[in-house]
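We use all heavy atoms of the structure for the numbers below, so side chains are in, but hydrogens, waters and symmetry mates are not.
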2 protein chains.
Amino acid sequence: MTSILIVDDQPLQRMGFRMVLESETGVSIVGEAENGIEAVRRTAELSPDVVLMDIRMPGMDGIEATRRITASGGRSRVLVLTTFDLDEYVYAALQAGASGFLLKDARPDELLAGIRAVAVGDAVVAPALTRRLLHAFAKALPGPDRRAAEDPRLRTLTERELEVLRVVATGLTNTEIAETLHLSESTVKTHVSRAMAKIGARDRVQAVIIAYDVGLVDPRG
Amino acid sequence: MTSILIVDDQPLQRMGFRMVLESETGVSIVGEAENGIEAVRRTAELSPDVVLMDIRMPGMDGIEATRRITASGGRSRVLVLTTFDLDEYVYAALQAGASGFLLKDARPDELLAGIRAVAVGDAVVAPALTRRLLHAFAKALPGPDRRAAEDPRLRTLTERELEVLRVVATGLTNTEIAETLHLSESTVKTHVSRAMAKIGARDRVQAVIIAYDVGLVDPRG
DNA sequence: CTACGTGTGGCACCCCGGTACTAGGGCGAG
DNA sequence: CTCGCCCTAGTACCGGGGTGCCACACGTAG
């Protein structure tokens with residue numbers, strides 16, 4: 001059972017959400033709020049699984065409320081719902097720590113799917129927004145770090161060893177790396193061992209640290 | 001009717017996609033390819049609405065193939081399907097111009113929805129990936145720099161756990177940590193275990209990654 | 001041709017890392 | 001005072017990590 005807090009300044013809109021959600025099983029509306037202040041307070045009180053958050057509200061808006069809710073470190077996740085897909089809203093909401101961003105004209109099943117995804121820790125973005133988001137994201141990324149390749153510590157690594165090292169630095173176990181790269185675990189171990197020996201790492205923990213130090217991996221994600 | 005090109009080096013996988021998609025209306029599989037080179041060629045020939053693209057393939061991989069397909073300026077959109085949600089794959093695929101990124105264990109209806117969305121120009125990302133993507137995106141954006149200590153993930157850590165975590169992130173073993181902090185190894189293990197549980201790390205490698213991620217330790221410093 | 005580097009794979013062995021449980025002492029809040 | 005949290009410590013267990021060593025295929029530099 002997923003508990004939900006509805007935040008919207010328009011009573012009619014809140015009613016609409018209720019209509020849609022109360023007919024569904026597995027979700028239960030535990031409260032409502034009509035502005036940001038109230039949203040923060042009620043979230044702290046009720047600690048719902050998911051907060052359905054409107055952005056435009058009198059007083060404290062949804063962005064600021066989202067920021068405070070996520071900053072508090074509670075388990076409630078925020079799913080932002082707006083009428084307009086203005087980019088600035090999307091970015092601001094994401095930076096505020098929102099777990100999702102849907103448009104209010106979403107179909108009930110989309111809304112439900114979104115709520116469920118957010119409740120289990122995943123994230124959702126409305127398909128229409130995803131495209132622009134990805135585009136902006138691709139531009140924001142400067143691209144794989146090439147300066148890393150020139151670091152003396154990595155000089156002696158073969159292409160394969162570098163690749164394996166990158167994956168190690170994402171936190172996967174040898175078995176997982178083997179599956180990911182379609183190799184046997186033995187082979188992975190060999191590569192990892194050789195890579196560690198070359199860069200002077202005693203174990204994979206130090207390998208990861210070195211990988212971060214030389215900028216092999218980007219400290220993001 | 002949405003035309004589809006299936007690209008995967010494993011015949012069984014291609015067969016699986018056929019099974020799923022041929023039972024659906026509105027989509028039609030117009031061809032297959034088993035590596036990147038062939039994918040580029042067949043896309044040029046057939047100009048399908050959507051290319052279902054595997055990443056890891058012998059010869060030219062799916063990323064490079066995606067890059068060439070989108071660079072060619074055709075109308076075909078690329079939907080990347082991979083078994084593992086390795087971050088670097090996602091980023092690389094996005095930069096290569098992919099319109100979507102799904103996991104192969106997606107349910108048939110999710111796959112269908114993804115294909116339809118991509119076909120009409122929208123984009124899709126698997127929910128499990130969206131979360132990390134948003135997180136990475138929020139970090140890539142300029143914004144109020146929230147530095148280490150206030151990160152929600154660290155909020156629940158006690159002083160001692162934080163201290164131990166910092167030392168873990170320098171690459172010391174439990175025994176070494178015990179010596180430097182004048183504790184028994186058992187105690188160190190307890191702290192490390194608790195810290196990992198709280199921040200959601202499976203092992204100390206992931207703990208180190210998270211430590212770097214939130215800025216607990218200084219990269220390159 | 002041979003030799004080497006590289007990527008791949010396998011196997012035996014040991015030990016560290018991580019979990020689960022328990023438990024005592026200190027310390028502040030109710 | 002009692003409760004709960006934190007720090008401390010221990011034992012037992014086991015799975016994965018890491019090492020060493022071996023083997024084969026392939027391409028290329030010598």
Looking only at heavy atoms, which two atoms of B/A207 and B/A201 are closest? And how far apart? N-CB, 3.5 Å

Taking B/Q206 for the side chain and B/R202 for the main chain, is one N or O donor matched with an acceptor at less than 3.5 Å? yes

Once you apply a heavy-atom cut-off of 4.0 Å, does A/S184 come out as touching a base, just sugar-phosphate, or nothing? sugar-phosphate

If we count only N and O atoms by modelled type, under 3.5 Å, do the side chains of A/R131 and B/S99 hold a donor and an acceptor together? no

If I take atom CZ in residue A/R194 and atom P in nucleotide C/dG7, what distance separates them, rounded to the nearest angstrom? 9 Å

Indicate yes or no: does B/D49 engage B/R75 in a salt bridge with an N to O separation below 4.0 Å. yes

Under 3.5 Å between N/O atoms: give me all the protein pairs with nucleotides 25-30 of chain C, atom names plus distance.
none

For A/H191 and C/dG7, is the shortest distance between a side-chain N/O and OP1 or OP2 below 4.0 Å? no

Whether A/S186 contacts C/dG9 is assessed here as follows: a side-chain N or O lying under 4.0 Å from the phosphate OP1 or OP2. Is that the case? no

Looking only at side-chain N and O atoms, does A/T2 offer a donor or acceptor that is under 3.5 Å from a partner on A/R116? no

What is the distance from NE2 of A/H182 to P of C/dG9, rounded to the nearest Å? 11 Å

What is the separation between atom CD on B/E185 and atom C1' on C/dG17, rounded to the nearest whole Å? 9 Å

Check ion pair B/D8-B/K104 (N to O, under 4.0 angstrom): yes

Between P on C/dC16 and CG on B/L172, what's the gap in Å once rounded to a whole number? 15 Å

Nucleotide C/dT6, atom P - distance to CG of A/L183 in whole Å: 17 Å

Whole Å only: how far is the CZ atom of B/R204 from the P atom of C/dG17? 5 Å

Counting any heavy atom closer than 4.0 Å, what does A/T173 reach on the DNA or RNA strands: base, sugar-phosphate only, or nothing? sugar-phosphate

Restricting to non-hydrogen atoms, name the atom on B/L112 and the atom on B/L21 that form the minimum distance, rounded to 0.1 Å. CD2-CD2, 3.6 Å

Taking atom P of C/dT19 as reference, at what distance in whole Å does atom CD of B/Q206 sit? 11 Å

For B/T190, which contact category applies under a 4.0 Å heavy-atom criterion: base, sugar-phosphate, or nothing? base

Donor on one side chain, acceptor on other, A/T190 and A/T187, under 3.5 Å: no

Which part of the nucleic acid does B/T158 contact within heavy-atom distance under 4.0 Å: base, sugar-phosphate only, or nothing? sugar-phosphate

Criterion side-chain contact (heavy atoms from CB on, under 4.5 Å) against A/E163, the qualifying member of A/E159, A/R160, A/E161: A/R160

Between C/dG5 atom P and A/E159 atom CD, what is the distance in whole Å? 18 Å

Under the salt bridge (Lys or Arg N to Asp or Glu O under 4.0 Å) rule, what do B/E32 and B/R42 come out as? Steps first, then yes or no, please. CA-CA 8 Å; B/E32 297 186 1; B/R42 305 228 66 187; over 6 Å; no

First contact, last contact: which nucleotides of DNA chain D are these for chain B, 5' to 3', heavy-atom distance under 4.0 Å? D/dC6 to D/dT11

Under 4.0 angstrom between B/N174 side-chain N/O and C/dG17 OP1 or OP2: yes

